[in-house]
Amino acid sequence: MNKGILFIISGFAGSGKGTIVKELLKRYDNYALSVSATTRAPRPGEEHGRDYFFVSHEEFEKMIDSGGLLEYAEYVGNYYGTPCQYVDEKLSEGKDVILEIEQQGALQIKRKRPDALLMFVMPPSVQEVYNRLKKRGTETEEVILKRMRQGAKEAEVIDEYDFLIINDELDKCVADVHNTIMCARMATIRNRGLIDEVKVGFKEFLKDKD
Ligand code: 5GP
(Lines give C-alpha, C1' and ligand atoms only; values in the text may rest on other atoms or scores of the structure.)
Protein backbone atom coordinates (compact mmCIF):
# COMPACT_ATOMS: atom_id res chain seq x y z
CA MET A 1 0.00 0.00 0.00
CA ASN A 2 1.23 3.50 -0.83
CA LYS A 3 1.61 5.97 1.98
CA GLY A 4 -0.98 8.73 2.05
CA ILE A 5 -0.33 12.23 0.79
CA LEU A 6 0.55 14.96 3.25
CA PHE A 7 -1.18 18.05 2.02
CA ILE A 8 -1.43 21.56 3.25
CA ILE A 9 -4.27 23.98 2.80
CA SER A 10 -3.42 27.60 3.51
CA GLY A 11 -5.41 30.68 2.66
CA PHE A 12 -6.25 34.16 3.85
CA ALA A 13 -8.39 34.36 6.97
CA GLY A 14 -11.94 34.14 5.65
CA SER A 15 -10.93 32.20 2.52
CA GLY A 16 -13.29 29.39 3.47
CA LYS A 17 -10.56 26.76 3.93
CA GLY A 18 -12.15 25.50 7.14
CA THR A 19 -15.43 24.82 5.34
CA ILE A 20 -13.60 23.12 2.48
CA VAL A 21 -11.82 20.82 4.90
CA LYS A 22 -15.10 19.94 6.67
CA GLU A 23 -16.68 19.07 3.31
CA LEU A 24 -13.72 16.93 2.23
CA LEU A 25 -14.01 14.91 5.45
CA LYS A 26 -17.77 14.57 5.03
CA ARG A 27 -17.78 13.57 1.36
CA TYR A 28 -14.74 11.29 1.04
CA ASP A 29 -13.19 8.62 3.24
CA ASN A 30 -9.53 8.96 2.26
CA TYR A 31 -8.80 11.99 4.45
CA ALA A 32 -7.62 12.47 8.02
CA LEU A 33 -7.42 15.94 9.56
CA SER A 34 -4.52 16.83 11.78
CA VAL A 35 -5.65 18.74 14.89
CA SER A 36 -3.20 21.52 15.75
CA ALA A 37 -2.11 22.84 19.10
CA THR A 38 -2.56 26.56 19.72
CA THR A 39 -2.17 29.14 22.46
CA ARG A 40 -5.08 31.26 21.23
CA ALA A 41 -8.38 31.29 23.12
CA PRO A 42 -11.23 29.11 21.83
CA ARG A 43 -13.89 30.89 19.73
CA PRO A 44 -17.55 30.25 20.58
CA GLY A 45 -18.47 26.70 19.56
CA GLU A 46 -14.87 25.45 19.31
CA GLU A 47 -13.95 22.28 21.20
CA HIS A 48 -10.66 21.14 22.72
CA GLY A 49 -9.35 18.12 20.80
CA ARG A 50 -11.69 18.62 17.85
CA ASP A 51 -10.88 22.11 16.55
CA TYR A 52 -7.57 22.57 18.35
CA PHE A 53 -5.67 21.43 21.38
CA PHE A 54 -5.89 24.68 23.35
CA VAL A 55 -2.75 24.91 25.46
CA SER A 56 -0.84 27.50 27.50
CA HIS A 57 2.37 29.18 26.29
CA GLU A 58 4.40 27.01 28.69
CA GLU A 59 2.79 23.79 27.44
CA PHE A 60 3.40 24.82 23.84
CA GLU A 61 7.05 25.59 24.50
CA LYS A 62 7.44 22.17 26.11
CA MET A 63 6.08 20.58 22.91
CA ILE A 64 8.65 22.53 20.88
CA ASP A 65 11.51 21.49 23.17
CA SER A 66 10.57 17.79 23.14
CA GLY A 67 10.54 17.70 19.31
CA GLY A 68 6.88 16.72 19.21
CA LEU A 69 5.91 19.25 16.53
CA LEU A 70 6.29 18.73 12.80
CA GLU A 71 6.19 22.52 12.37
CA TYR A 72 5.05 25.54 14.33
CA ALA A 73 4.64 29.26 13.84
CA GLU A 74 3.63 32.42 15.59
CA TYR A 75 0.60 33.99 13.93
CA VAL A 76 -1.13 37.20 15.02
CA GLY A 77 0.38 36.92 18.51
CA ASN A 78 -0.24 33.21 19.16
CA TYR A 79 1.56 29.93 18.64
CA TYR A 80 0.14 27.27 16.31
CA GLY A 81 1.76 23.88 15.65
CA THR A 82 1.24 20.39 14.20
CA PRO A 83 1.86 17.39 16.48
CA CYS A 84 3.94 14.80 14.50
CA GLN A 85 2.64 11.53 15.83
CA TYR A 86 -0.91 11.54 14.47
CA VAL A 87 0.25 12.75 11.04
CA ASP A 88 2.79 9.95 10.61
CA GLU A 89 0.40 7.27 11.89
CA LYS A 90 -2.30 8.25 9.42
CA LEU A 91 0.11 8.57 6.48
CA SER A 92 1.34 5.01 7.17
CA GLU A 93 -2.27 3.83 7.16
CA GLY A 94 -2.57 5.25 3.62
CA LYS A 95 -4.74 8.23 4.62
CA ASP A 96 -4.26 11.60 2.94
CA VAL A 97 -3.54 13.92 5.84
CA ILE A 98 -4.81 17.50 5.75
CA LEU A 99 -2.91 20.24 7.53
CA GLU A 100 -4.87 23.48 7.62
CA ILE A 101 -1.97 25.76 8.48
CA GLU A 102 -0.54 29.18 7.68
CA GLN A 103 2.42 29.94 5.47
CA GLN A 104 5.42 29.89 7.79
CA GLY A 105 4.44 26.36 8.82
CA ALA A 106 3.71 25.37 5.22
CA LEU A 107 7.20 26.44 4.16
CA GLN A 108 8.79 24.51 7.04
CA ILE A 109 6.96 21.39 5.87
CA LYS A 110 8.01 22.00 2.26
CA ARG A 111 11.65 21.91 3.39
CA LYS A 112 11.22 18.91 5.74
CA ARG A 113 8.90 16.82 3.57
CA PRO A 114 9.49 17.71 -0.08
CA ASP A 115 6.76 15.30 -1.23
CA ALA A 116 4.07 17.27 0.67
CA LEU A 117 1.58 19.07 -1.52
CA LEU A 118 0.89 22.76 -0.88
CA MET A 119 -2.44 24.36 -1.83
CA PHE A 120 -3.41 27.97 -1.39
CA VAL A 121 -7.11 28.81 -1.28
CA MET A 122 -8.45 32.28 -1.94
CA PRO A 123 -11.74 34.04 -2.58
CA PRO A 124 -12.17 35.61 -6.03
CA SER A 125 -11.16 39.13 -4.84
CA VAL A 126 -9.60 41.09 -1.97
CA GLN A 127 -12.94 42.80 -1.28
CA GLU A 128 -14.46 39.34 -0.90
CA VAL A 129 -11.74 38.44 1.66
CA TYR A 130 -12.91 41.42 3.75
CA ASN A 131 -16.62 40.68 3.22
CA ARG A 132 -16.24 37.11 4.42
CA LEU A 133 -14.33 38.12 7.56
CA LYS A 134 -17.01 40.68 8.32
CA LYS A 135 -19.79 38.16 7.73
CA ARG A 136 -18.17 35.65 10.08
CA GLY A 137 -18.92 38.16 12.85
CA THR A 138 -16.54 36.60 15.37
CA GLU A 139 -13.85 39.31 15.34
CA THR A 140 -13.74 43.04 16.00
CA GLU A 141 -13.00 45.49 13.16
CA GLU A 142 -9.51 45.92 14.61
CA VAL A 143 -8.78 42.18 14.44
CA ILE A 144 -10.25 42.02 10.93
CA LEU A 145 -7.88 44.80 9.84
CA LYS A 146 -4.98 42.94 11.45
CA ARG A 147 -5.93 39.86 9.43
CA MET A 148 -6.20 41.91 6.22
CA ARG A 149 -2.68 43.27 6.83
CA GLN A 150 -1.52 39.71 7.42
CA GLY A 151 -3.25 38.75 4.15
CA ALA A 152 -1.23 41.36 2.24
CA LYS A 153 1.97 39.72 3.54
CA GLU A 154 0.69 36.25 2.70
CA ALA A 155 -0.07 37.26 -0.89
CA GLU A 156 3.69 37.74 -1.36
CA VAL A 157 4.38 34.05 -0.68
CA ILE A 158 1.66 32.34 -2.74
CA ASP A 159 4.23 31.48 -5.46
CA GLU A 160 5.82 28.95 -3.09
CA TYR A 161 2.67 26.80 -3.24
CA ASP A 162 2.06 24.02 -5.75
CA PHE A 163 -1.60 24.83 -6.47
CA LEU A 164 -3.90 27.82 -6.31
CA ILE A 165 -7.58 27.08 -5.66
CA ILE A 166 -10.22 29.80 -6.08
CA ASN A 167 -13.08 29.44 -3.64
CA ASP A 168 -15.98 31.07 -5.45
CA GLU A 169 -18.54 28.28 -5.47
CA LEU A 170 -18.06 25.80 -2.60
CA ASP A 171 -19.00 22.54 -4.36
CA LYS A 172 -16.70 23.24 -7.27
CA CYS A 173 -13.90 24.25 -4.96
CA VAL A 174 -14.18 21.06 -2.86
CA ALA A 175 -14.17 18.98 -6.05
CA ASP A 176 -11.11 20.90 -7.32
CA VAL A 177 -9.18 20.15 -4.14
CA HIS A 178 -10.19 16.48 -4.14
CA ASN A 179 -9.34 16.04 -7.83
CA THR A 180 -5.94 17.61 -7.27
CA ILE A 181 -5.20 15.07 -4.54
CA MET A 182 -6.41 12.22 -6.75
CA CYS A 183 -4.07 13.39 -9.53
CA ALA A 184 -1.16 13.64 -7.10
CA ARG A 185 -1.72 10.00 -6.15
CA MET A 186 -0.88 9.06 -9.73
CA ALA A 187 2.44 10.91 -9.75
CA THR A 188 5.35 8.54 -10.46
CA ILE A 189 7.17 9.79 -7.34
CA ARG A 190 4.38 8.31 -5.20
CA ASN A 191 4.27 4.99 -7.08
CA ARG A 192 7.90 3.84 -6.91
CA GLY A 193 6.91 0.43 -5.50
CA LEU A 194 4.48 -0.26 -8.33
CA ILE A 195 7.00 0.86 -10.96
CA ASP A 196 9.63 -1.49 -9.52
CA GLU A 197 7.09 -4.33 -9.54
CA VAL A 198 6.34 -3.71 -13.23
CA LYS A 199 10.04 -3.77 -14.10
CA VAL A 200 10.51 -7.07 -12.27
CA GLY A 201 7.29 -8.40 -13.81
CA PHE A 202 8.60 -7.80 -17.33
CA LYS A 203 11.96 -9.39 -16.55
CA GLU A 204 10.17 -12.45 -15.13
CA PHE A 205 7.87 -12.68 -18.12
CA LEU A 206 10.70 -12.42 -20.65
CA LYS A 207 13.38 -14.46 -18.89
CA ASP A 208 12.96 -17.72 -20.87
CA LYS A 209 11.57 -16.19 -24.05
CA ASP A 210 14.93 -15.41 -25.79
P1 5GP B 1 -7.37 30.61 13.44
O2 5GP B 1 -6.94 31.36 14.67
O3 5GP B 1 -8.19 31.47 12.52
O4 5GP B 1 -8.03 29.30 13.76
O5 5GP B 1 -6.05 30.25 12.64
C6 5GP B 1 -5.14 31.24 12.30
C7 5GP B 1 -4.16 30.68 11.29
O8 5GP B 1 -3.35 29.67 11.89
C9 5GP B 1 -4.83 30.06 10.09
O10 5GP B 1 -4.18 30.52 8.92
C11 5GP B 1 -4.60 28.58 10.29
O12 5GP B 1 -4.53 27.90 9.06
C13 5GP B 1 -3.26 28.59 10.99
N14 5GP B 1 -2.96 27.36 11.71
C15 5GP B 1 -3.82 26.53 12.35
N16 5GP B 1 -3.16 25.50 12.87
C17 5GP B 1 -1.85 25.65 12.55
C18 5GP B 1 -0.66 24.87 12.79
O19 5GP B 1 -0.66 23.80 13.38
N20 5GP B 1 0.51 25.37 12.30
C21 5GP B 1 0.57 26.53 11.61
N22 5GP B 1 1.76 26.90 11.15
N23 5GP B 1 -0.52 27.26 11.36
C24 5GP B 1 -1.72 26.84 11.83
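Just so you know, these numbers come straight off a predicted model, no measurement behind them. Note: hydrogens, waters and symmetry copies are ignored here, and every other heavy atom, side chains too, is used. Indexing begins at 1, ligand by ligand and atom by atom, following the structure's order.
Considering backbone and side-chain N/O atoms, R43 comes within less than 3.5 Å of an N/O atom of ligand 1. Close N/O approach between R136 and ligand 1 is not found [any backbone or side-chain N/O within under 3.5 Å]. For a threshold of 3.5 Å applied to N or O pairs, the pair formed by A37 and ligand 1 contains no separation below that value. Of the polar atoms of R40, at least one N or O is found under 3.5 Å from an N or O of ligand 1, judged by distance alone.
In this structure, R190 contributes its side chain and I5 its backbone to no donor-acceptor pair below 3.5 Å. Looking at E59, its side chain does come within 3.5 Å of a backbone N or O of S56 through a donor-acceptor pair. When atom types are taken as modelled, the side chain of E128 and the backbone of N131 share no donor-acceptor pair closer than 3.5 angstrom.
Annotation for I189: atom CD1 does not count as buried by contact number, only 12 or fewer foreign heavy atoms lying within 6.0 Å.
Here the shortest heavy-atom pairing between S36 and T82 reads OG-OG1, 4.5 Å.
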Checklist entry - What do the steps show when you test K112 against E71 for salt bridge (charged side-chain N to carboxylate O under 4.0 Å, His left out), and what is the final call? => result CA-CA 9 Å; K112 271 194 187 164; E71 60 73 37; over 6 Å; no
Checklist entry - side-chain hydrogen bond (donor to acceptor under 3.5 Å, both in side chains) between Q103 and S10: does it pass, once the steps are laid out? => result CA-CA 7 Å; Q103 289 179 332; S10 302; over 6 Å; no
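Of all atoms in ligand 1, numbered sequentially from 1 with element shown, those under 4.0 Å from a heavy atom of A73 are 22 (N). Per-residue contacts place G105 under 4.0 angstrom from the following atoms of ligand 1 (heavy atoms of the residue considered): 22 (N). Residue-ligand proximity, G81 to ligand 1, at heavy-atom distances under 4.0 Å covers atoms 18 (C), 19 (O), 20 (N).
Within the set E46, E102, E139, the minimum heavy-atom distance to atom 22 (N) of ligand 1 is found for E102. Ranked by closest heavy atom to atom 16 (N) of ligand 1, the top entry among A106, S36, P42 is S36.
Nearest to atom 9 (C) of ligand 1 among the protein's heavy atoms is K17 NZ, 4.1 Å. Nearest non-hydrogen protein atom to atom 5 (O) of ligand 1 is Y52 OH, 3.3 Å. Distance from atom 12 (O) of ligand 1 to its nearest protein heavy atom, with residue and atom name: E100 O, 3.1 Å. Nearest protein neighbour of atom 20 (N) of ligand 1, counting heavy atoms only, is E71 OE2, 2.7 Å.
Under the rule for a salt bridge (charged side-chain N to carboxylate O under 4.0 Å, His left out), D159 has no partner lying at least two apart in sequence or in another chain.
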Give every donor-acceptor pair under 3.5 Å between a side-chain atom in residues 114-124 and any protein atom, sequence neighbours left out.
none

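Proximity of Y80 to ligand 1, defined as any heavy-atom pair under 4.0 Å, is shared by backbone and side chain alike.
A salt bridge between E89 and K95 is absent, with no side-chain N of the basic residue lying under 4.0 Å from a carboxylate O of the acidic one.
At a 4.0 Å cut-off, at least one heavy atom of R147 sits close enough to ligand 1 to count as contact.
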